[in-house]
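Comments concern the structure below.
Heavy atoms only: backbone and side chains are in, while hydrogens, waters and symmetry mates are out.
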Amino acid sequence: QVQLVESGGGSAQAGGSLRLSCAASVSIHSMYCMAWFRHLPGKLREAVATITSTAATTYADPVKGRFTISKDDAKNTLYLQMNNLKPEDTAVYYCAADSRSYMSCGVQRSMADARWGQGTQVTVSS
């Protein structure tokens with residue numbers, strides 16, 4: 001069973017930066033698709049960014065050019081570097097991982113049946 005633990009959330013001013021981490025209990029080297037999602041207050045959960053086992057990435061339009069997803073296979077850790085934060089980035093952020101390749105890995109993939117972390121709160125003030 002894959003266990004995922006997010007960390008790095010907190011509070012930031014608009015224009016500031018935060019880096020989220022997601023530590024996995026198993027090797028992520030061959031994990032087909034890993035992703036960051038967020039759940040904004042009063043809205044549905046949405047994909048933020050994805051990364052494949054070969055480090056191909058996709059981003060949701062609201063975060064393009066500001067967020068960067070990456071992974072360190074040696075540390076079994078997924079990251080989300082968030083720069084130029086905006087108040088509308090305030091949300092609970094979750095990481096997800098799925099070893100199955102039945103669907104391409106991109107922000108259109110729901111990851112509904114993947115493994116999920118418990119989430120970490122990010123709050124951005126103006």
Side-chain angles (χ1 to χ4, degrees):
Q1 294 284 350
V2 178
Q3 292 186 331
L4 303 172
V5 179
E6 300 96 336
S7 61
S11 298
Q13 293 285 326
S17 298
L18 286 172
R19 188 176 82 155
L20 305 183
S21 299
C22 172
S25 61
V26 299
S27 172
I28 65 170
H29 175 69
S30 59
M31 193 65 71
Y32 176 71
C33 188
M34 299 190 75
W36 286 99
F37 279 71
R38 65 186 182 184
H39 193 179
L40 283 69
K43 296 187 178 181
L44 296 175
R45 185 176 63 194
E46 63 181 26
V48 173
T50 65
I51 188 167
T52 69
S53 55
T54 57
T57 59
T58 65
Y59 296 92
D61 286 344
V63 307
K64 282 181 180 177
R66 300 189 297 122
F67 291 10
T68 302
I69 188 172
S70 64
K71 64 188 181 93
D72 186 331
D73 289 343
K75 295 182 179 180
N76 294 325
T77 301
L78 177 72
Y79 301 101
L80 184 68
Q81 177 66 44
M82 305 185 295
N83 296 330
N84 191 21
L85 283 162
K86 302 177 180 181
E88 52 264 41
D89 295 320
T90 295
V92 178
Y93 285 73
Y94 299 87
C95 64
D98 200 335
S99 61
R100 297 167 298 176
S101 59
Y102 66 91
M103 182 177 179
S104 62
C105 182
V107 291
Q108 78 287 346
R109 181 167 174 161
S110 72
M111 304 287 278
D113 54 353
R115 295 296 179 184
W116 290 81
Q118 82 290 347
T120 186
Q121 176 70 47
V122 170
T123 302
V124 184
S125 57
S126 57

So does Glu88 have more than 12 non-hydrogen atoms from other groups sitting under 6.0 Å from CD?
yes

Who are the salt bridge (Lys or Arg N to Asp or Glu O under 4.0 Å) partners of Asp73, not counting sequence neighbours?
Lys71

Minimal non-hydrogen separation, Ser126 against Ala14, with atom names
CA-CB, 4.1 Å

Could you pull out all residues at least two apart from Gln121 that satisfy side chain to side chain contact (heavy atoms under 4.5 Å, CB included)?
Thr90, Val92, Thr123

Would you mind listing every salt bridge (charged side-chain N to carboxylate O under 4.0 Å, His left out) that reaches into residues 115-126, with sequence neighbours excluded?
none

With sequence neighbours left out, write down each residue that passes side chain to side chain contact (heavy atoms under 4.5 Å, CB included) with Ser7, or none if nothing qualifies.
Ser21

Which pairs with one or both residues in residues 47-126 pass disulfide bond (SG atoms under 2.5 Å apart), sequence neighbours excluded?
Cys22-Cys95, Cys33-Cys105

Quick one: salt bridge (charged side-chain N to carboxylate O under 4.0 Å, His left out) pairs with a partner in residues 90-107, sequence neighbours left out?
Asp98-Arg100, Asp98-Arg109, Arg100-Asp113

Please list, chain by chain and in numerical order, all residues satisfying side chain to side chain contact (heavy atoms under 4.5 Å, CB included) with Gln108, sequence neighbours excluded.
Met103, Ser104

Please give the remaining members of the hydrophobic cluster of Phe67, linking ILVMFWY side chains under 4.5 Å, ordered by chain and number.
Val2, Leu4, Leu18, Leu20, Val26, Ile28, Met31, Met34, Trp36, Val48, Ile51, Tyr59, Val63, Ile69, Leu78, Leu80, Met82, Leu85, Tyr93, Val122, Val124

Looking at every heavy atom in both Val5 and Gln118, which two are closest together, and how far apart are they?
CA-OE1, 3.7 Å

Not counting sequence neighbours, which residues clear ring-ring contact (aromatic ring centres under 6.0 Å, His included) with Phe37? List them please.
Trp116

Do you see a donor-acceptor pair shorter than 3.5 Å between the side chains of Asn83 and Ser17?
yes

Do side-chain atoms of Thr58 reach the backbone of Val107 as a donor and acceptor pair under 3.5 angstrom?
yes

What's the separation between atom CG in Asp72 and atom NE2 in His29, rounded to the nearest 0.5 Å?
12.5 Å

Short question: side chain of Thr77, backbone of Lys75 - any donor-acceptor pair under 3.5 Å?
yes

At their closest point, which heavy atom of Thr50 faces which heavy atom of Ala35, and how far apart are they?
CG2-CB, 3.8 Å

Can you tell me which residue pairs pass the salt bridge (charged side-chain N to carboxylate O under 4.0 Å, His left out) test with a partner in residues 24-38, sequence neighbours excluded?
Arg38-Glu46, Arg38-Asp89

Residue pairs passing the salt bridge (charged side-chain N to carboxylate O under 4.0 Å, His left out) test with at least one member in residues 11-33, sequence neighbours excluded, are none

Residue pairs passing the disulfide bond (SG atoms under 2.5 Å apart) test with at least one member in residues 62-94, sequence neighbours excluded, are none

Note: Ser53 and Ser30 closest approach over all heavy atoms is CB-C, 4.2 Å

